[in-house]
Amino acid sequence: MIRVRETMRALLSLTFCVLLAASASAQSFPSRPLRMIVPAPPAGITDLSARLVGEGLRAKFGQPVVVENKSGANGLIGLRELLKAEPDGYTLMAGTMGNFVLGYAMEVNPPFDALRDLLPIAGTAEYATAMIVNPKTPVNSVKEFIDYAKARPGKLTFGSTGTAALDYLAVELFMKETGTKLVHVPYRGGPAALNDLMGGSIDLLIEVFPVVMEQIKTGMVKGLAVSSPYRLPSIPQVPTFKEAGVSGVELTGWLGVYGHPQMPEDTRAMLGAAIVEIVKQEDVREKFRAIGFEPTGLGVHDFSQFHAAEVKRWVAFMTEAGLRK
């Protein structure tokens with residue numbers, strides 16, 4: 001009996017020590033530099049948003065945040081880098097709807113599981129697309145463009161960065177809602193498509209707003225509509241698609257921060273709360289808006305639910321549209 005009591009005491013003592021060590025570990029996190037993987041090239045929208053968050057984490061925790069660009073394969077190279085890392089919370093990854101939802105939803109047999117391989121930590125921002133045309137195009141509204149396109153079925157062209165990209169899906173939705181027929185011209189990136197639009201080589205873009213914001217504001221292109229449910233503060237004169245008479249093109253992309261799927265929950269909760277706090281700081285919000293984003297600040301619970309709902313939504317959409325392959 002005495003031996004049993006001693007064994008129980010030893011087990012309780014061991015359990016207490018383990019819990020105490022875990023608590024101390026959580027309280028001391030982070031005790032060394034953090035790493036932020038960006039599955040996209042430098043200076044792009046994912047990179048810029050990640051660096052804003054990284055700077056905020058540096059200021060909050062007093063530890064450097066090293067940003068590493070691991071671009072390629074629509075985010076898959078960055079995701080593989082994340083999954084190779086220790087699941088201790090020191091390696092994070094910036095991600096977008098295009099990388100880890102649209103690309104996944106396009107494939108019948110995708111190379112990763114969008115629900116199992118990604119651990120949502122916090123949502124940071126969202127961004128609309130904007131419908132733009134060359135200044136010489138003889139239209140000044142969405143309605144005028146629809147009439148112009150219907151008079152030239154199959155003759156007008158639009159650019160996009162690929163069939164799994166937001167700029168392509170926005171035009172698909174637009175054609176579906178308006179009965180117009182446009183010819184797709186693929187590009188390696190939004191800036192290349194924008195240059196061709198301004199040069200007159202293509203007729204239409206419905207491009208992500210951060211890529212075309214300055215050109216709309218300076219009049220280098222005509223902004224006809226935005227796909228957000230609200231007008232954008234930086235171009236308040238441009239109506240939403242719904243205001244312009246096309247209700248089915250309400251579409252926003254988004255960005256967030258993810259971690260290794262085996263990350264400790266207390267570390268995840270701490271990071272999620274910290275990132276939301278950073279995103280809601282007024283100076284950070286203004287920096288997001290200056291590059292074309294609308295800051296959100298979704299915590300662990302809300303971002304996890306949002307991410308799962310977006311995966312379900314876009315798999316259903318791609319299936320219905322016949323775009324899964």
Side-chain angles (χ1 to χ4, degrees), residues 38-51 69 71-75 96-99 102-103 125-142 144-146 148-149 152 154-175 180-228 232 234-235 237-239 241 244 249 251-253 255 288-293:
V38 177
I45 61 175
T46 310
D47 181 75
L48 293 172
S49 67
R51 290 178 188 277
N69 296 90
S71 60
N74 196 31
T96 70
M97 170 188 177
N99 290 144
L102 295 184
E126 64 181 12
Y127 52 93
T129 61
M131 180 179 180
I132 61 171
V133 295
N134 186 288
K136 295 180 180 178
T137 304
V139 301
N140 293 295
S141 69
V142 172
E144 289 181 6
F145 182 86
I146 294 170
Y148 184 71
R152 299 162 179 80
K155 293 184 179 179
L156 300 187
T157 56
F158 75 95
S160 88
T161 52
T163 55
L166 200 64
D167 51 8
Y168 177 84
L169 292 172
V171 180
E172 281 284 339
L173 287 172
F174 178 79
M175 290 192 292
T180 52
K181 294 181 180 180
L182 309 172
V183 178
H184 180 218
V185 180
Y187 286 87
R188 288 184 178 271
L194 176 61
N195 286 337
D196 270 8
L197 180 88
M198 292 190 293
S201 298
I202 57 174
D203 300 294
L204 174 73
L205 280 177
I206 306 184
E207 185 55 85
V208 295
F209 181 61
V211 173
V212 299
M213 176 177 66
E214 289 303 320
Q215 286 75 15
I216 295 173
K217 290 168 71 173
T218 57
M220 296 175 71
V221 298
K222 291 180 186 177
L224 302 184
V226 294
S227 65
S228 50
L232 302 180
S234 55
I235 50 167
Q237 76 280 9
V238 178
F241 274 105
V249 192
L251 182 69
T252 51
L255 307 102
F288 269 113
R289 288 179 177 136
I291 54 176
F293 299 114

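All values derive from a computational prediction rather than experimental measurement.
Residues passing the side-chain hydrogen bond (donor to acceptor under 3.5 Å, both in side chains) test with Tyr148: none are found, sequence neighbours excluded. By the side-chain hydrogen bond (donor to acceptor under 3.5 Å, both in side chains) test, Thr129 pairs with Ser227, sequence neighbours left out.
Using a distance-only test at 3.5 Å, with no hydrogens or angles considered, a donor-acceptor pair links the side chain of Glu144 to the main chain of Asn140. Side-chain atoms of Lys136 do not come within 3.5 Å of backbone N or O of Gly200 as any donor-acceptor pair.
Partner of Asp203 under the side chain to side chain contact (heavy atoms under 4.5 Å, CB included) criterion, out of Val185, Val183, Thr157: Thr157 alone.
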What do the steps show when you test Phe293 against Glu126 for side chain to side chain contact (heavy atoms under 4.5 Å, CB included), and what is the final call? CA-CA 6 Å; Phe293 299 114; Glu126 64 181 12; over 6 Å; no
Please determine whether side chain to side chain contact (heavy atoms under 4.5 Å, CB included) holds for the pair Asn69 and Asp47, giving the CA-CA distance in whole Å, both sets of side-chain angles, and the decisive distance to 0.1 Å. CA-CA 8 Å; Asn69 296 90; Asp47 181 75; 2.9 Å; yes
Report the C-alpha distance between Phe158 and Asp167 in whole Å, list the side-chain angles of each, state the deciding distance to 0.1 Å, and finish with yes or no for side chain to side chain contact (heavy atoms under 4.5 Å, CB included). CA-CA 10 Å; Phe158 75 95; Asp167 51 8; over 6 Å; no
Side chain to side chain contact (heavy atoms under 4.5 Å, CB included) evaluation trace for Leu251 with Leu166: CA-CA 8 Å; Leu251 182 69; Leu166 200 64; 3.7 Å; yes
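In this structure, the side chains of Leu194 and Ile132 come closer than 4.5 Å at one or more pairs of heavy atoms. Side-chain atoms of Ile216 and Phe209, non-hydrogen and from C-beta on, do get closer than 4.5 Å to each other.
The structure places OG1 of Thr161 at 6.0 Å from CD of Glu207, a figure rounded to the nearest 0.5 Å. In this structure, OG on Ser234 lies 11.5 Å from CD1 on Ile291, to the nearest 0.5 angstrom. To the nearest 0.5 angstrom, Leu255 atom CG is 6.0 Å from Ile45 atom CD1. The CG atom of Asn99 lies 5.5 Å from the OG1 atom of Thr46; values are rounded to the nearest 0.5 Å. Put simply, CD1 on Ile202 and CG on Asn134 are 10.0 Å apart, with the number rounded to the nearest 0.5 Å. Between the CD1 atom of Ile235 and the NZ atom of Lys217 there is a distance of 9.0 Å, given to the nearest 0.5 Å.
For the residue pair Ala50 and Val38, the shortest heavy atom distance occurs at CB-CG2, 3.6 Å. Of all the heavy atoms in Val249 and Phe241, the pair that sits closest is O-CD1, 3.6 Å. When every heavy atom of Ala40 is checked against every heavy atom of Ser71, the shortest pair comes out as C-CB, 3.4 Å. Val221 and Met198 make their closest contact through CG1-CG, 3.6 Å (heavy atoms, listed as atom of the first residue, atom of the second, distance). Taking all atoms of both residues into account, the shortest heavy-atom contact from Gly103 to Asn74 is CA-ND2, 3.6 Å. The shortest heavy-atom contact between Ala225 and Val142 is CB-CG2, 3.6 Å.
Residue pairs satisfying the side-chain hydrogen bond (donor to acceptor under 3.5 Å, both in side chains) criterion with at least one member in residues 187-197, sequence neighbours excluded, are listed as follows: Tyr187-Asp196.
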